[in-house]
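Atoms within a ligand are numbered from 1 in the order they appear, just like the ligands themselves. Note that the coordinates shown come from a computational prediction; the quantities given were computed from them, not determined experimentally.
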Amino acid sequence: MRSILVTGGSGFLGSHLCERLLERGDNVVCLDNFFTGRKENILHLMGNPRFELIRHDIVEPITLEVDQIYNLACPASPVAYQYNPIKTIKTSTVGVVNVLGLAKRCKARVLHASTSEVYGDPTVHPQTEDYWGNVNPIGPRSCYDEGKRVAESLCVNYHQEHQLEVRIIRIFNTYGPRMDPNDGRVISNFITQALRDQPITIYGEGTQTRSFCYCDDLIRGMMLMMEQDQSIGPVNIGNPGEYTMLQLAQEVLRAIPESKSTIEHVPLPQDDPKQRCPDITKAQTILGWSPEIDLRTGLARTVEYYRAELARA
Ligand code: NAD
Ligand code: UDP
């Protein structure tokens, strides 16, 4: 039986991953500092004898014996990662050195969760893995974007210098149940606003685009990437269905027809990328992976989750 470490395991994506790995029969060590993670996300796993939870910060070294490591530890919402930018940089640099060092010592294979943010405000559309990106190194998003770029470089160099088995995926905007209702990302904001009949806050004119992947599709792609046999450089994982934020707001209102929310435009944050859409040819070719859940289906499932969450709160 394999032992698998999931850093950031009590966060949105990490909790889904822990669940899938347990279903497959693995031993799962979930490590989290609970900055944006929540115990509610993993409560249902706590009774499983193959599940173990460690409160730890990857910025500090740790000694464990594991066969595989999924490194997801890092706040992902702009509000969260800009709360303490230096800590965010440490997590993606010092933290990633600690994770890769751990992997080197116990000869574990590592999958690192990188991001479409390495492309910054992209001038190539849709984004292919060979595009080097357009990142403002001193802007408010740089603690996350540049941190993730250093993390990719660390992964590649540990592979070249120490023959570490590494896989890098670049995750495009992913949503679904267990995304913290207060985490400030667009889908959680729009749905909770619509359910509370509050104005839907569109940043700027709402013509900027994003491409939204449902969490189950993403986790399937992530696990396929880990299990394939080669360290083959970064692979985009995302859903190429591209929407403006105005279109997204309409889709959310369509999913919550009783909502009395109106649309409100508020200032656009600095350096907000204008367009984003993954080219997933590489994932399709190497992993045989494509997303299966379209935005309407995914939104309907996500709305049900937030309805229950708000009722509980
Ligand atoms: P999330 O904020 O819900 O989860 C991140 C988890 O990491 C949280 O549980 C948090 O407490 C934990 N964490 C943060 N810093 C840590 C540290 N120093 N030590 C230990 N734990 C720490 O976000 P998510 O959406 O689940 O994202 C998971 C990963 O996927 C992140 O690395 C993120 O950058 C990446 N990603 C996510 C998306 C997306 O759209 N969801 C897109 C691109 C990349
Ligand atoms: N956004 C918005 N209203 C919100 C939150 C976000 O219009 O309440 C916009 C934001 O400006 C960005 C897009 O939605 O253009 C996605 O934002 P998010 O924070 O979810 O992710 P990221 O910008 O990191 O892709």
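- Taken together through direct or relayed side-chain contacts under 4.5 Å among Ile, Leu, Val, Met, Phe, Trp and Tyr, Val166 and Tyr70 form parts of separate hydrophobic clusters.
- With hydrogens left out, the protein atom closest to atom 17 (O) of ligand 2 is Val186 CB, 4.0 Å, a heavy atom.
- Listed by number with element, the atoms of ligand 2 under 4.0 Å from a non-hydrogen atom of Ile202 are 7 (O).
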Kindly indicate, with the supporting measurements, whether the criterion side chain to side chain contact (heavy atoms under 4.5 Å, CB included) is fulfilled by Ile4 and Arg24.
CA-CA 12 Å; Ile4 305 195; Arg24 197 174 70 176; 3.6 Å; yes
Let me see the working for Thr297 and Asp294 under side-chain hydrogen bond (donor to acceptor under 3.5 Å, both in side chains), right down to the final yes or no.
CA-CA 6 Å; Thr297 312; Asp294 64 14; 2.5 Å; yes
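- Just one residue in the list Arg141, Arg170, Arg149, Lys148 forms a salt bridge (Lys or Arg N to Asp or Glu O under 4.0 Å) with Glu117, and that residue is Arg141.
- Residue contacts with ligand 1 do not include Arg170, since none of its heavy atoms lies under 4.0 Å from the ligand.
- Residue-to-ligand polar distances place Phe12 within reach of ligand 1: an N/O pair is separated by less than 3.5 Å.
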With side-chain hydrogen bond (donor to acceptor under 3.5 Å, both in side chains) as the test, would you mind laying out the steps for Ser114 and Glu152 before giving the verdict?
CA-CA 7 Å; Ser114 189; Glu152 287 199 9; 2.6 Å; yes
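- Of all the atoms in ligand 2, the ones that sit under 4.0 Å from a non-hydrogen atom of Asn189 are 4 (C), 5 (C), 8 (O).
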Criterion side chain to side chain contact (heavy atoms under 4.5 Å, CB included) on Thr36 and Tyr81, from CA distance to verdict:
CA-CA 10 Å; Thr36 51; Tyr81 70 64; over 6 Å; no
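- Ranking protein heavy atoms by distance to atom 10 (C) of ligand 1, first place goes to Thr36 OG1, 3.2 Å.
- Considering backbone and side-chain atoms together, Arg185 places no N or O closer than 3.5 Å to any N or O of ligand 2.
- When only modelled atom types and interatomic distance are considered, Tyr119 and Asn236 share a side-chain donor-acceptor pair under 3.5 Å.
- In this structure, the protein non-hydrogen atom closest to atom 21 (O) of ligand 2 is Asn173 ND2, 3.5 Å.
- For ligand 2, the polar-atom distance check finds an N/O of Arg210 within less than 3.5 Å of one of the ligand's N/O atoms.
- Not close to ligand 1: Gly95, with no non-hydrogen atom less than 4.0 angstrom away.
- At a 4.0 Å heavy-atom cut-off, ligand 1 touches Lys148 through the side chain alone.
- Given atom 11 (O) of ligand 1, the protein heavy atom at minimum distance is Asp32 OD1, 2.6 Å.
- If you number the atoms of ligand 1 from 1 as listed, the ones under 4.0 Å from a heavy atom of Gly11 come out as 3 (O), 4 (O), 8 (C), 9 (O).
- Of all protein heavy atoms, the one lying nearest to atom 26 (O) of ligand 1 is Leu13 N, 2.8 Å.
- Ranking protein heavy atoms by distance to atom 40 (O) of ligand 1, first place goes to Thr174 N, 2.7 Å.
- Under 4.0 Å is where a charged nitrogen must lie from a carboxylate oxygen, and between Asp57 and Lys87 at least one such pair does.
- If you check which protein heavy atom lies closest to atom 24 (O) of ligand 2, you get Arg141 NH2, 3.0 Å.
- Under a 4.0 Å criterion applied to the non-hydrogen atoms of His56, ligand 1 contributes the atoms 19 (N), 20 (C).
- Nearest protein heavy-atom neighbour of atom 5 (C) of ligand 1: Cys74 O, 3.3 Å.
- Looking at atom 27 (O) of ligand 1, its nearest protein heavy atom turns out to be Ala76 CB, 3.7 Å.
- For ligand 1, the atoms closer than 4.0 angstrom to any heavy atom of Phe34 are 11 (O).
- Atom 5 (C) of ligand 2 has as its closest protein heavy atom Tyr203 CE1, 3.3 Å.
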Verdict with supporting geometry, Leu102 and Val110, side chain to side chain contact (heavy atoms under 4.5 Å, CB included)
CA-CA 10 Å; Leu102 167 64; Val110 180; over 6 Å; no
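- At the top of the distance list for atom 11 (O) of ligand 2, counting protein heavy atoms only, stands Asp272 OD2, 2.6 Å.
- Side-chain atoms of Arg276 and Asn173 include a donor-acceptor pair closer than 3.5 Å.
- Each of the atoms 2 (C), 3 (N), 4 (C), 7 (O), 8 (O) of ligand 2 lies under 4.0 Å from some heavy atom of Thr201.
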Tyr144 vs Val135, side chain to side chain contact (heavy atoms under 4.5 Å, CB included): CA-CA, chis, key distance, verdict:
CA-CA 10 Å; Tyr144 184 71; Val135 172; over 6 Å; no
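- Each of Asn71, Ile168, Leu164 was compared with Cys155 under the side-chain contact (heavy atoms from CB on, under 4.5 Å) criterion, and only Ile168 meets it.
- Residue Val59 has no nitrogen or oxygen atom sitting less than 3.5 Å from a nitrogen or oxygen atom of ligand 1, judged on distance alone.
- Nearest to atom 19 (N) of ligand 1 by heavy atom, out of Val94, Ile58, Asn173, is Ile58.
- Inclusion of Ile171 in the set of residues having an N or O under 3.5 Å from an N or O of ligand 1 is not warranted.
- When only non-hydrogen protein atoms are considered, atom 13 (C) of ligand 2 lies nearest to Met245 SD, 3.7 Å.
- Contact annotation: Glu117 has at least one heavy atom less than 4.0 Å from an atom of ligand 2.
- With Met179, Glu117, Arg185, Lys87 as candidates, the residue nearest to atom 41 (N) of ligand 1 on a non-hydrogen basis is Arg185.
- Proximity of Ser10 to ligand 1 is established by a heavy-atom distance of less than 4.0 Å.
- With a 6.0 Å cutoff to the six-membered ring centre and a 45° limit on the axis angle, Lys104 does not count as a cation-pi contact of Tyr158.
- Looking at Gly37 next to ligand 1, an N or O pair under 3.5 Å apart turns up.
- Counting protein heavy atoms only, atom 29 (C) of ligand 1 is closest to Leu72 O, 3.3 Å.
- Of the polar atoms of Thr115, none of the N or O atoms is found under 3.5 Å from an N or O of ligand 1, judged by distance alone.
- With a 4.0 Å heavy-atom cut-off, ligand 1 is reached by the side chain of Tyr144 but not by its N, CA, C or O.
- The distance criterion of under 3.5 Å between nitrogen or oxygen atoms is not met by Ser114 with respect to ligand 1.
- Here the protein heavy atom with the shortest distance to atom 18 (N) of ligand 1 is Asp57 OD1, 2.9 Å.
- Side chain to side chain, Asn84 and Thr88 fail the donor-acceptor criterion of an N or O pair below 3.5 Å.
- Counting the atoms of ligand 1 from 1 in the order shown, those under 4.0 Å from a heavy atom of Gly8 are 6 (C), 7 (O), 9 (O), 12 (C).
- Using a 4.0 Å heavy-atom cutoff, Ser77 is absent from the residues neighbouring ligand 2.
- Side chains of Gln193 and Ser261: a donor-acceptor N/O pair is absent below 3.5 angstrom, by distance only.
- Contact annotation for Thr91 and ligand 1: only side-chain heavy atoms (C-beta onward) come within less than 4.0 Å of the ligand.
- Between Leu268 and ligand 2, no pair of N/O atoms sits closer than 3.5 Å.
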